[in-house]
Amino acid sequence: MESLTSGTLAGTGSFRCEICGHVITMTTANLLPACPGCDGASFTRASLFGGTARFKRAIEADVPVPNGDALLGAARAIEEPGRYLVFQDAGTVRTVAMTGDTMRIGRSLSADLRFEDPTVSRRHAVLVAEADGIRVLDDRSLNGVFVNGERIVSHTLHDGDEIVIGRYRIRYAVSVATAAAAAGRAFQAE
């Protein structure tokens, strides 16, 4: 019974992140995942009747997670100028270009960037092009939108910013082609 009141095997029930307060509900006895709100690893059992058992998330050592610099490096390798979102999905690094003035992110079929994950709301966030840059807006999501570790409602993005939507850590990258590089490609084409 000790394994269900402390340690890494959480059991069933609800658990509250000790850092941001996000609640995770487990329906089977399993290891706690990372907190979708802040990637925290410390949880307390959430109960109407009290109880202060503390749990630590088990770290999976066999799944390599690229750091933010590696994700930005993948975006920097793109020679086409533009605005990109870079993230890891199913073990691969994906780069998605923001081609229009808006981009909807969520679980909905109508989302421009769609995540099949229960920690992502159907309408989670919207990216909007404005005169001073790209603004990310929380679209009344359940778990919130975080930029560089802080929960936001609206925030202007800068190159290299980290956006957390559900369990996804997304890097915003701006690729600017220099005039010399563009002239060199034009010269090679001739």
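- Panel note: side chain Asp159, backbone Val174; a donor-acceptor pair is recorded below 3.5 Å.
- Applying the 4.5 Å side-chain rule to ILVMFWY residues, one finds Val126, Val128 in the same cluster as Leu137.
- Asp117 is linked by a side chain to side chain donor-acceptor pair (under 3.5 Å) to Thr119, Arg167, counting only residues two or more places apart in sequence or in another chain.
- In this structure, the side chain of Thr92 engages the main chain of Asp89 through a donor-acceptor pair within 3.5 Å.
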Margin query: Could you walk me through whether Val93 and Val86 satisfy the side-chain contact (heavy atoms from CB on, under 4.5 Å) test, starting with their C-alpha distance in whole Å, then the side-chain angles of each, then the deciding distance to 0.1 Å, before giving a yes or no?
Written below: CA-CA 7 Å; Val93 175; Val86 186; 3.7 Å; yes
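- Taking Phe115 as the reference, Phe87, Tyr168 meet the ring pair (Phe, Tyr, Trp, His ring centres under 6.0 Å) condition, with sequence neighbours excluded.
- Here Tyr172 contributes atom OH and Leu157 contributes atom CG; the two are 6.0 Å apart, rounded to the nearest 0.5 Å.
- For Ser110, the side chain to side chain donor-acceptor pair (under 3.5 Å) partners at least two apart in sequence or on another chain are Ser108.
- In this structure, the side chain of Arg114 engages the main chain of Arg107 through a donor-acceptor pair within 3.5 Å.
- In this structure, the separation between CZ on Phe146 and CG on Asp138 is 9.0 Å, given to the nearest 0.5 Å.
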Checklist line | Pair Val145-Val136, side-chain contact (heavy atoms from CB on, under 4.5 Å): steps then yes or no | finding: CA-CA 9 Å; Val145 176; Val136 60; 4.2 Å; yes
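- Closest heavy-atom contact between Ala111 and Ile105: CB-C, 4.3 Å.
- Under a 3.5 Å cut-off, the side chain of Arg94 and the backbone N or O of Gln88 do not form any donor-acceptor pair.
- Remark: Arg123 engages Asp139 in a side chain to side chain donor-acceptor pair (under 3.5 Å) (not counting sequence neighbours).
- Residues passing the salt bridge (Lys or Arg N to Asp or Glu O under 4.0 Å) test with Glu130 are Arg135, sequence neighbours excluded.
- In this structure, Leu127 and Leu85 have side chains that are in contact, with non-hydrogen atoms separated by less than 4.5 Å.
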Next item on the list: Mind running side-chain contact (heavy atoms from CB on, under 4.5 Å) on Arg104 and Leu113 for me, showing each step along the way?
Entry: CA-CA 6 Å; Arg104 287 187 262 169; Leu113 179 55; over 6 Å; no
Note to self: Quick one, Val164 with Ile170, criterion side-chain contact (heavy atoms from CB on, under 4.5 Å). Give me CA distance, side-chain angles, the key distance, then yes/no.
What the structure shows: CA-CA 6 Å; Val164 177; Ile170 305 165; over 6 Å; no
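- Under the side-chain contact (heavy atoms from CB on, under 4.5 Å) rule, Ile134 has a single partner from His155, His158, Met98, which is Met98.
- Side chain of Asp101 to backbone of Ala129: no donor-acceptor contact under 3.5 angstrom is found.
- Applying the salt bridge (Lys or Arg N to Asp or Glu O under 4.0 Å) test to Arg151 and every residue at least two apart in sequence or in another chain returns nothing.
- For residues 118-141, no pair satisfies ring pair (Phe, Tyr, Trp, His ring centres under 6.0 Å), with sequence neighbours left out.
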